[in-house]
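Basis for what follows: all heavy atoms, side chains included, without hydrogens, waters or symmetry-related copies.
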Amino acid sequence: MSSKTDSGLDSKQLPFWAGERWEEIRAFVAPEVRSAVDRFIDPLFWGGLEYMADRNDEGAVANVSVVLPPAPPDHLLWCPPEAVPSLNLLWDSIDAELAALREPFERYARVDLGRMNDFDEFAKLLCGWGNVIGEAQQRGWGVVGLRC
């Protein structure tokens with residue numbers, strides 16, 4: 001069962017359409033922001049690529065690969081509790097640059113096709129996932145979701 005959002009989208013459609021919009025604009029986003037968004041949304045929406053923290057506790061560059069446990073390939077995505085801090089670091093870097101995504105979104109997103117055709121809706125979804133990751137880190141929890 002899924003629920004309808006404020007925009008009328010079925011909640012399970014949101015990650016799919018956000019992923020579509022991201023694919024349309026990502027080539028027009030600054031490389032460091034593009035990299036952070038790619039690594040943040042991949043385990044949450046698709047579960048394919050490995051992702052790495054941008055920096056360690058001292059602020060130095062850290063390339064800490066996070067290995068996720070295998071999940072049923074067509075059903076679930078999950079990030080164990082030990083993977084959540086890396087996602088939270090990525091979210092922190094994205095949150096600080098979120099406004100920089102507006103211009104590429106408004107210029108290059110195919111708003112004539114499908115759903116999630118408004119930047120504010122796109123940003124709201126990313127912020128929602130950022131909040132989920134932040135809460136999970138504070139509680140020492142992992143994150144579970146449905147594959148798009």
**Asked** When rounded to the nearest 0.5 angstrom, what is the spacing between CD1 in I41 and CH2 in W129?
**Response** 11.5 Å

**Message:** Restricting to non-hydrogen atoms, name the atom on G140 and the atom on P81 that form the minimum distance, rounded to 0.1 Å.
**Reply:** O-CB, 3.4 Å

**Item:** Sidechain N-carboxylate O distance under 4.0 Å for E24, R21
**Value:** yes

**Asked** Distance from E121 atom CD to M116 atom CE, nearest 0.5 Å?
**Response** 4.5 Å

**Prompt:** Is there a path from W141 to V84 through hydrophobic residues (I, L, V, M, F, W, Y) whose side chains come within less than 4.5 Å of each other?
**Reply:** no

**Request:** To the nearest 0.5 angstrom, please state how far the CD1 atom of I133 sits from the CG atom of L90.
**Result:** 10.0 Å

**Complete:** Interatomic distance, CZ@F105 vs CG@L98, rounded to 0.5 Å, equals 11.5 Å

**Request:** Identify the two heavy atoms, one from I25 and one from A109, that lie closest to each other, and give their separation to 0.1 Å.
**Result:** CG2-N, 3.8 Å

**Asked** Of the non-hydrogen atoms in R39 and L87, which two are nearest, and what is the gap between them?
**Response** O-CD2, 4.0 Å

**Asked** Between F40 and W91, what is the ring plane arrangement, given parallel below 30°, perpendicular above 60°, and tilted in between?
**Response** tilted

**Prompt:** Going through the checks in order, is the side-chain contact (heavy atoms from CB on, under 4.5 Å) test met by R26 and V37?
**Reply:** CA-CA 9 Å; R26 69 182 295 282; V37 174; over 6 Å; no

**Prompt:** How many angstroms lie between CD in E23 and CG in D38, if you round to the nearest 0.5 Å?
**Reply:** 7.5 Å

**Message:** Let me confirm one number: the CH2-CG distance from W22 to L125, rounded to the nearest 0.5 Å.
**Reply:** 13.0 Å

